[in-house]
There are 2 protein chains.
Amino acid sequence: MDRFLSSAINRIDAKGRVSVPGHFRSVVQKRGFGDLYGLRALDVPAMDVGGTDLLERYESRMANEDPFLQTADDMSFFVHGDGAFMKLDQDGRITVSDFIREHTGITAEVAFVGRGLFFQMWEPERLKAHGAQVRERLLKLRQRASGAAAGSAE
Amino acid sequence: MDRFLSSAINRIDAKGRVSVPGHFRSVVQKRGFGDLYGLRALDVPAMDVGGTDLLERYESRMANEDPFLQTADDMSFFVHGDGAFMKLDQDGRITVSDFIREHTGITAEVAFVGRGLFFQMWEPERLKAHGAQVRERLLKLRQRASGAAAGSAE
DNA sequence: TGGGGCACCATGGGCGTCAACGGGAATGAT
DNA sequence: ATCATTCCCGTTGACGCCCATGGTGCCCCA
């Protein structure tokens, strides 16, 4: 398998390092990523982490914009400025910088979540809360759909 | 990687010097920039810093303007008159002049932000505020565009 | 089927290197 | 003479490299 799947929670040590789950590392290697590139997710307190192809995908998207309009500037600001290289050390660990902590609220533990072509880093409690929210939204969606069909009360 | 990516905050010392982040310096060297050229960003309180290609970028922007209109004249004034060379000393530091402080509000610390082909210098608090604005605009952009399903990193 | 051994992974910590930073001294400009 | 600029050196703290330990699951063999 060459995609990021499943999730795991690892602890940050006294030096601020955390092990990237072994399974994810093998995916990184299999896809030939040199360095990992992570950027702050737009609408959730998480880091989106992937290879340099993640970056290239954004850049090809930006190439379609007029470089002198604000949108292109915003995109560049977000992709280039709101991201950071996350170098794996020889044991497959990355250091959790303040840059990451600020956006995610991560302090002592990191929840890694596979997302296919990339993975995410969350503060475990926030991930849990987010998961509950998503679940609720999906549930409401379904209830509304079936309610409209049957005309039943909620 | 030969592009300016990620960000860092460095302190200004008693002599008014600040270290350019090591990663940025290696990019400068790799791209073969002799001197760094910095100019006041048009719509934000930041310095745009890069090699001579930065000048070309602005000049191509001016080429799109009618040379008889005031806009072109204003732009030329900005690009050619409102810029400054920023020489790196032996330790990779530059001096933060009043010219820079006036436009950016920088006093004690400088936030360096990678922007791909160039980088920016910000007063850290202002950068934070600007980042929040950008984030908001991009979020709106995405919400407007998403009739279809979209992952959080797309 | 149970047990020993092996491999892998998460975690902790020692240590060397380098970047950021502070400051002294020489040089140059006004 | 005074101030700003540049060179050079030392300090410090963060980070990368390396090794050790303990836990867990797997496999092989008795």
Side-chain angles (χ1 to χ4, degrees), chain A residues 1 4-30 33-38 47 49 83-102 106-114 119 121-124 127, chain B residues 1 4-30 34-38 49 84-102 106-114 119-124 127:
Chain A
M1 187 56 63
F4 297 104
L5 294 173
S6 82
S7 66
I9 295 179
N10 286 343
R11 192 177 321 158
I12 299 177
D13 69 13
K15 291 165 124 183
R17 302 171 300 184
V18 65
S19 292
V20 173
H23 172 249
F24 285 8
R25 293 206 301 267
S26 70
V27 175
V28 167
Q29 199 169 24
K30 199 166 288 179
F33 298 158
D35 280 316
L36 287 176
Y37 192 69
M47 299 294 296
V49 185
F85 278 111
M86 311 176 72
K87 270 175 293 187
L88 287 169
D89 69 12
Q90 273 184 297
D91 299 328
R93 288 182 282 195
I94 57 176
T95 63
V96 182
S97 62
D98 288 343
F99 180 79
I100 296 174
R101 295 177 194 263
E102 253 180 43
I106 287 171
T107 55
E109 289 187 324
V110 180
F112 292 86
V113 183
F119 65 87
M121 295 172 62
W122 286 78
E123 195 284 316
L127 173 61
Chain B
M1 190 58 59
F4 297 102
L5 291 174
S6 83
S7 64
I9 295 179
N10 285 343
R11 196 176 319 153
I12 298 177
D13 69 13
K15 293 181 177 179
R17 301 172 300 182
V18 66
S19 292
V20 175
H23 173 250
F24 284 9
R25 293 206 301 267
S26 71
V27 175
V28 167
Q29 200 169 24
K30 201 167 287 180
D35 279 316
L36 286 176
Y37 192 68
V49 185
F85 283 105
M86 310 174 75
K87 269 178 295 186
L88 288 168
D89 70 10
Q90 276 186 314
D91 297 333
R93 287 183 280 197
I94 57 175
T95 303
V96 182
S97 63
D98 288 342
F99 178 79
I100 295 173
R101 295 176 195 264
E102 256 178 42
I106 287 171
T107 55
E109 288 187 323
V110 180
F112 292 86
V113 182
F119 65 87
Q120 289 183 320
M121 295 172 62
W122 286 78
E123 194 285 317
L127 171 64

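Fair warning: this is a prediction, and the values are worked out from it, not measured in the lab. What you see below is based on every heavy atom in this structure, not just the backbone, and it leaves out hydrogens, waters and symmetry mates. Chain letters run A, B, ... following the sequence lines, proteins first, then strands; residues in each count from 1.
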Rounded distance [0.5 Å steps], CD in B/Glu109 versus CD1 in B/Ile12 = 8.5 Å
Just how far, in rounded Å, is P of D/dA20 from CG of A/Asp91?
-> 12 Å
Sugar-phosphate, base or nothing in reach of B/Arg17, heavy atoms under 4.0 Å = base
How would you label the contact of A/Lys15 with the nucleic acid (heavy atoms, under 4.0 Å): base, sugar-phosphate, or nothing?
-> base
Provide, to the nearest angstrom, the distance between the CE atom belonging to A/Met86 and the P atom belonging to D/dG16.
-> 11 Å
Are more than 12 heavy atoms from other residues, nucleotides or ligands located less than 6.0 Å from atom CD of B/Gln29?
-> no
When rounded to the nearest 0.5 Å, the distance separating CD1 of B/Ile100 from CD1 of B/Ile94 is 5.5 Å
Report the distance from atom OG of B/Ser97 to atom CD1 of B/Ile106, rounding to the nearest 0.5 Å.
-> 9.5 Å
To the nearest Å, give me how far apart NZ (A/Lys87) and P (D/dA14) are.
-> 16 Å
Under a 4.0 Å N-O cut-off, is there an ion pair linking A/Arg17 with A/Asp91?
-> no
Are any non-hydrogen side-chain atoms of B/Asp13 and B/Arg93 less than 4.5 angstrom apart?
-> yes
Interatomic distance, A/Leu88 CG vs D/dC17 P [rounded to whole Å] | 11 Å
Among residues 93-102 of chain B, which residues get a heavy atom nearer than 4.0 Å to DNA chain D?
-> B/Arg93
Mind calculating the distance between CG (B/Asp13) and P (D/dT6) to the nearest angstrom?
-> 13 Å
Separation of atom CZ in B/Arg11 from atom P in D/dG13, rounded to whole Å = 11 Å
Taking atom P of D/dT6 as reference, at what distance in whole Å does atom CG of B/Asp89 sit?
-> 8 Å
Distance (rounded to the nearest 0.5 Å) between A/Met121 CE and A/Arg101 CZ = 9.5 Å
side-chain contact (heavy atoms from CB on, under 4.5 Å), paired with B/Phe112, selected from B/Val18, B/Ile9, B/Leu127, B/Val49 | B/Val18
Kindly indicate whether the side chain of B/Val27, heavy atoms from C-beta on, has any atom under 4.5 Å from the side chain of B/Phe119.
-> no
At a 4.0 Å cut-off to heavy atoms of chain B, the contacted part of DNA chain C spans C/dA20 to C/dA25
